[in-house]
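Single-structure report; data block below.
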Amino acid sequence: DAFIPRWLEHLETRAHDGHIKMTTIDDYRSHVRNYLLPAFTDVQIRNFHKSHIQNLIDGVKAERSPKTVANISGTISSFCKWLVDQEILLHDPSAGVVLPVPEDVDNLESNTPMGLRGQIMIAVAATTGMRIGEIRALSWDCVDLDRGEIRINKDADRHQTIGKPKTRQARRIVPIN
């Protein structure tokens with residue numbers, strides 16, 4: 001079946017409407033080509049289960065960083081949610097997939113050659129779940145220390161171009177302690 005190409009076409013339409021960035025779709029295409037298609041070639045869509053996804057994640061985590069594994073999982077999750085929205089599947093098989101736990105933040109910071117700025121970015125990412133582009137675009141007007149929150153309303157791409165967040169759902173308020 002041609003479900004993956006239909007899903008990618010759907011995403012491209014959403015990109016033209018400003019709901020998702022083309023760089024995200026490029027990442028999804030890479031994940032499809034390098035991980036999903038090789039792992040799921042023999043799986044019929046109606047027999048697609050959480051165990052298939054978990055097996056892929058478990059296999060990839062030995063070779064890739066937790067961030068990369070989480071990105072691959074996000075691609076799978078997006079595809080599965082689309083399958084449910086299209087009523088191709090009744091339930092999202094990606095729900096409940098266990099991802100690897102990142103290294104201890106203190107250990108990661110001490111081994112980072114990026115200097116203080118890089119260490120701060122790592123700490124913010126690890127403690128808030130913010131994307132690196134959201135952290136790059138962070139400015140003091142988005143931080144409310146009195147309320148203990150960060151308002152995410154922009155991000156920066158690989159080229160440091162400030163723009164809107166990846167999706168409407170990415171506009172959010174993140175608690176900080």
Side-chain angles (χ1 to χ4, degrees), residues 1-103 108 121-122 125-126 128-137 152-172 174:
D1 294 308
F3 293 112
I4 289 177
R6 284 177 41 203
W7 167 63
L8 290 170
E9 286 174 20
H10 164 76
L11 292 177
E12 287 177 3
T13 301
R14 296 199 66 209
H16 294 300
D17 294 341
H19 296 290
I20 189 170
K21 291 186 175 184
M22 285 305 295
T23 55
T24 301
I25 297 172
D26 291 342
D27 290 343
Y28 284 0
R29 285 186 193 284
S30 173
H31 296 155
V32 164
R33 183 177 51 256
N34 295 317
Y35 302 102
L36 277 64
L37 289 179
F40 304 140
T41 299
D42 298 330
V43 179
Q44 292 184 351
I45 202 72
R46 300 219 183 262
N47 297 327
F48 191 44
H49 296 287
K50 175 182 167 183
S51 62
H52 295 111
I53 300 166
Q54 191 66 62
N55 288 340
L56 171 62
I57 296 299
D58 291 345
V60 171
K61 74 181 180 184
E63 303 169 3
R64 300 288 181 231
S65 72
K67 172 74 171 132
T68 299
V69 175
N71 289 344
I72 294 166
S73 177
T75 299
I76 296 169
S77 177
S78 175
F79 176 58
C80 290
K81 284 177 178 49
W82 178 82
L83 290 170
V84 172
D85 289 346
Q86 297 298 306
E87 299 180 353
I88 296 163
L89 293 178
L90 295 176
H91 304 285
D92 180 354
S94 68
V97 169
V98 178
L99 298 177
V101 177
E103 295 178 39
L108 191 59
M121 291 177 76
I122 289 169
T128 65
M130 290 174 63
R131 295 178 179 101
I132 194 69
E134 294 167 342
I135 296 169
R136 277 192 212 119
I152 299 173
N153 56 14
K154 57 191 170 195
D155 77 355
D157 66 16
R158 294 176 187 124
H159 309 289
Q160 301 297 345
T161 303
I162 304 289
K164 294 179 182 177
K166 293 179 132 199
T167 65
R168 285 186 184 156
Q169 292 80 18
R171 290 179 183 259
R172 63 195 187 282
V174 176

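Atom NE2 of H31 and atom OH of Y28 lie 9.0 Å apart (nearest 0.5 Å). Separating the CG atom in D157 from the CD1 atom in I132 is a distance of 13.0 Å, to the nearest 0.5 Å. How far CD of E63 is from OG1 of T68: 11.5 Å, rounded to the nearest 0.5 Å.
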Can you list the steps and then say if T75 with D27 is a side-chain contact (heavy atoms from CB on, under 4.5 Å)?
CA-CA 8 Å; T75 299; D27 290 343; 5.8 Å; no
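A15 and M22 make their closest contact through CB-SD, 3.5 Å (heavy atoms, listed as atom of the first residue, atom of the second, distance). Nearest approach of H49 to P93, heavy atoms of both residues: C-CB, 3.8 Å. Scanning both residues, S73 and I57, for their nearest heavy atoms gives CB-CD1, 4.0 Å. Scanning both residues, R136 and A156, for their nearest heavy atoms gives NH1-O, 3.2 Å.
Counting only distance, with no hydrogens or angles, the side chain of T13 and the backbone of E9 share a donor-acceptor pair below 3.5 Å. Within the 3.5 Å criterion, the main-chain N or O of I88 finds a donor-acceptor partner in the side chain of R46. A side-chain donor-acceptor contact under 3.5 Å links Q54 to the backbone of V98. Remark: the backbone N or O of S51 is paired with a side-chain donor or acceptor of N55 at under 3.5 angstrom.
Using a 30° and 60° split on the angle between ring planes, W82 and F79 fall in the parallel class, below 30°.
In H91, the NE2 atom is not crowded: 12 or fewer heavy atoms of neighbouring residues, nucleotides or ligands sit closer than 6.0 Å. Environment of NZ in K61: crowded, with over 12 heavy atoms of neighbouring residues, nucleotides or ligands closer than 6.0 Å.
Sorted by first and then second residue, the salt bridge (Lys or Arg N to Asp or Glu O under 4.0 Å) pairs involving residues 68-83 (not counting sequence neighbours) are K81-D92.
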In residues 35-42, what donor-acceptor pairs under 3.5 Å come from side-chain atoms, sequence neighbours left out?
residue: Y35; atom: OH; partner: R64; partner atom: NE; Å: 2.9
residue: T41; atom: OG1; partner: L37; partner atom: O; Å: 2.3

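Within the 4.5 Å cutoff, the side chain of V97 has no heavy atoms near those of the I76 side chain. The side-chain heavy atoms of W7 and L83, taken from C-beta on, include no pair separated by under 4.5 Å. For the pair S78/T24, no side-chain contact is recorded, criterion being any heavy-atom separation below 4.5 Å from C-beta on.
Test R172, K21, R171 against D155 for salt bridge (Lys or Arg N to Asp or Glu O under 4.0 Å) and you get one pass: K21.
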